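What you see is a predicted model; the values in this text were computed from it and never measured.
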Amino acid sequence: MTELDNSSRPLIAQSWQRVAMSGLYPGASVDDAVIEEVDRRSRLMVAATPVLDEMAGELDGTGFAVILADRNARLIDLRYGERRLQPRLEQAGAVEGRRFLEETTGTNSIATAFELRRGLAVRGEEHYIEALKRFSCYGQPVLNPVTRRIEGVLDITCLSEDDSPLLAPFVTRSARQIGERLLEESRQADQRVFRSFQDATARARTRPVIAIGDDIFLANTAAVQFLEAADHALLRALAIDAPIDREVTRDVQLSTGRVSASVLRIPGSGAALFTFGGEPLNRSIILSPGPGAPIGSVLVTGEPGSGRTTAARAVADEQAIWFDAAQVSELGEREWAEQLRRQLDGARCVVVEAIDLLPSSLARRMAEHLRSTRTRVVVTSAPVDELFPEHAALVAHCSERVELAPLRHRRADIPALVKKMLDDLGTATHVRFTPAALEALAGQQWAGNLRELQTAVKTISNSRSAGDITVGDLPEQYRGRLTRPLTALEQAERDAVVKALRDFGGNKKAAAQQLGISRTTLYRVIRSYGIVTATTR
């Protein structure tokens with residue numbers, strides 16, 4: 001591995017240590033980092049464009065590139081003084097939409113500026129990744145003048161032989177100008193949101209209308225009566241996920257019931273406008289599929305804690321006879337199988353839970369019973385793609401299937417689920433979760449699904465007899481906040497890595513081999529998605 005010489009600055013040396021701990025190696029390709037969609041009408045882009053235009057004009061004909069990254073370290077604008085520099089930077093991985101984080105791109109003036117929350121230069125050999133060592137770069141965070149939050153990083157990059165100490169004050173001045181324009185643009189954006197809200201309320205007349213963003217919430221009288229505080233977190237999540245270029249219609253599960261709403265992102269504001277269709281379509285949150293028993297055998301499948309028993313109860317007969325595969329070890333295979341056979345010969349309905357825990361021989365025998373029985377049978381199991389062949393053959397005899405989505409795929413339901421759980425605990429009249437606390441809960445992965453959420457809600461509510469439950473009242477592991485929803489592909493990637501790490505006891509080398517990816521890519525996924533591992537191998 002490349003070593004830093006003794007003259008290297010402490011900030012660079014510390015960055016190298018962080019990068020090495022993440023599993024990245026100097027010969028890695030920056031191309032491993034994913035490319036994401038760029039919102040060219042974002043508040044940062046609107047504020048930065050005039051400054052970037054001016055910088056590009058001053059650097060025209062020179063060997064310098066100007067790069068802007070957003071608050072997620074994603075490159076959203078690249079300008080080149082000379083076109084000969086563009087293919088070289090692209091070959092090194094600097095393309096629009098790519099995220100520059102230390103764990104994926106090493107030490108550089110964008111990733112490290114985000115990590116340190118301060119400006120710095122990274123010259124030549126100070127870069128960790130070999131492909132970047134030919135460049136020198138100067139990065140400066142763009143700060144919101146009011147909140148002091150990092151909105152992005154402005155960077156100037158050149159070939160090492162063209163390096164100049166004058167670049168540092170130039171990029172610092174320009175980043176400050178973008179920050180100042182952000183303040184003015186923020187005022188104008190608030191005005192756009194207010195005008196859009198006024199226009200919508202005039203068109204909607206008596207229908208509920210709200211405008212919601214990071215720092216703004218507007219609601220007409222109908223919406224104030226219509227919404228509860230728990231709904232704010234859900235709507236913020238939907239606002240993040242709404243398409244940029246068009247109005248869409250969504251079925252929204254509010255605390256008071258499900259309702260239709262049109263959603264429109266307001267350009268350059270980070271806010272979204274919701275116009276609701278009318279009264280809620282129902283008045284309760286359903287934790288599992290409702291009753292209405294289909295004919296034949298029914299499979300209820302889902303991850304542990306996803307509500308399989310509740311769902312089975314909903315589709316089974318009230319007089320159903322219940323069996324649990326976990327009881328086989330107590331009764332013995334022969335006795336358990338004999339009791340099941342007798343009930344399949346005479347009962348109206350039989351429920352068999354956790355068939356994935358059945359010994360293989362018993363699973364084959366039960367599959368034979370399902371082929372011949374006239375009794376209605378409901379079975380529960382782990383997801384079908386996780387079953388052994390004998391168990392998969394058993395559930396193949398089920399004519400109906402209820403698939404329960406894991407809670408991490410149902411983030412929008414979490415505020416209403418929490419309210420229902422508080423009602424069940426009898427504490428809903430005494431305590432409430434603030435919108436920020438609900439947003440934090442919605443940002444968790446919930447490996448234990450509904451069961452884990454129920455345990456968390458009970459524990460948290462027991463610690464406070466009355467009043468608001470804030471983010472600070474949550475256990476530390478639940479205080480993280482969702483900055484953006486994962487796409488279906490990202491969620492699938494995360495789930496696959498979590499499963500592989502679990503299967504191999506946290507052994508990252510074995511997990512990477514199982515997944516067919518490099519350890520560098522594995523470490524990127526672990527860091528990007530906040531996966532907690534049992535070991536550091």
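- For the salt bridge (charged side-chain N to carboxylate O under 4.0 Å, His left out) test, residues two or more places apart in sequence or in another chain that qualify with R123 are D163.
- Between L89 and L85, the closest side-chain pair of non-hydrogen atoms falls below 4.5 Å.
- Within a 6.0 Å sphere centred on CZ of F194, heavy atoms belonging to other residues, nucleotides or ligands number 12 at most.
- The closest donor-acceptor contact from the side chain of N220 to the backbone of R207 lies under 3.5 Å.
- Contact check for L159 versus S136: no side-chain heavy atoms found under the 4.5 Å cut-off.
- Within the structure, salt bridge (charged side-chain N to carboxylate O under 4.0 Å, His left out) pairs that include any residue of residues 55-67 comprise E58-R173 (at least two apart or interchain).
- Side-chain N/O atoms of R195 and Q198 include no donor and acceptor closer than 3.5 Å.
- V122 has its side chain within reach of I12: a pair of non-hydrogen atoms, C-beta onward, lies under 4.5 Å apart.
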Stepwise side-chain contact (heavy atoms from CB on, under 4.5 Å) test for Q140 and R176: CA-CA 9 Å; Q140 182 67 35; R176 188 182 303 116; over 6 Å; no
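- At a threshold of 4.5 Å between non-hydrogen side-chain atoms, the residues C137 and H127 count as touching.
- R181 pairs by the salt bridge (charged side-chain N to carboxylate O under 4.0 Å, His left out) definition with nothing, not counting sequence neighbours.
- With sequence neighbours excluded, the residues that form a side chain to side chain contact (heavy atoms under 4.5 Å, CB included) with T62 are L59, F64.
- Counting only residues at least two apart or on different chains, no salt bridge (charged side-chain N to carboxylate O under 4.0 Å, His left out) pair has a member in residues 217-226.
- Between L143 and E151, the closest side-chain pair of non-hydrogen atoms is not below 4.5 Å.
- Qualifying side chain to side chain contact (heavy atoms under 4.5 Å, CB included) partners for A200, counting only residues two or more places apart in sequence or in other chains: R203, V209, L273, T275.
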Stepwise side-chain hydrogen bond (donor to acceptor under 3.5 Å, both in side chains) check, E115 with S15: CA-CA 9 Å; E115 190 73 30; S15 173; over 6 Å; no
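- Remark: the backbone N or O of G106 is not paired with any side-chain donor or acceptor of W16 at under 3.5 angstrom.
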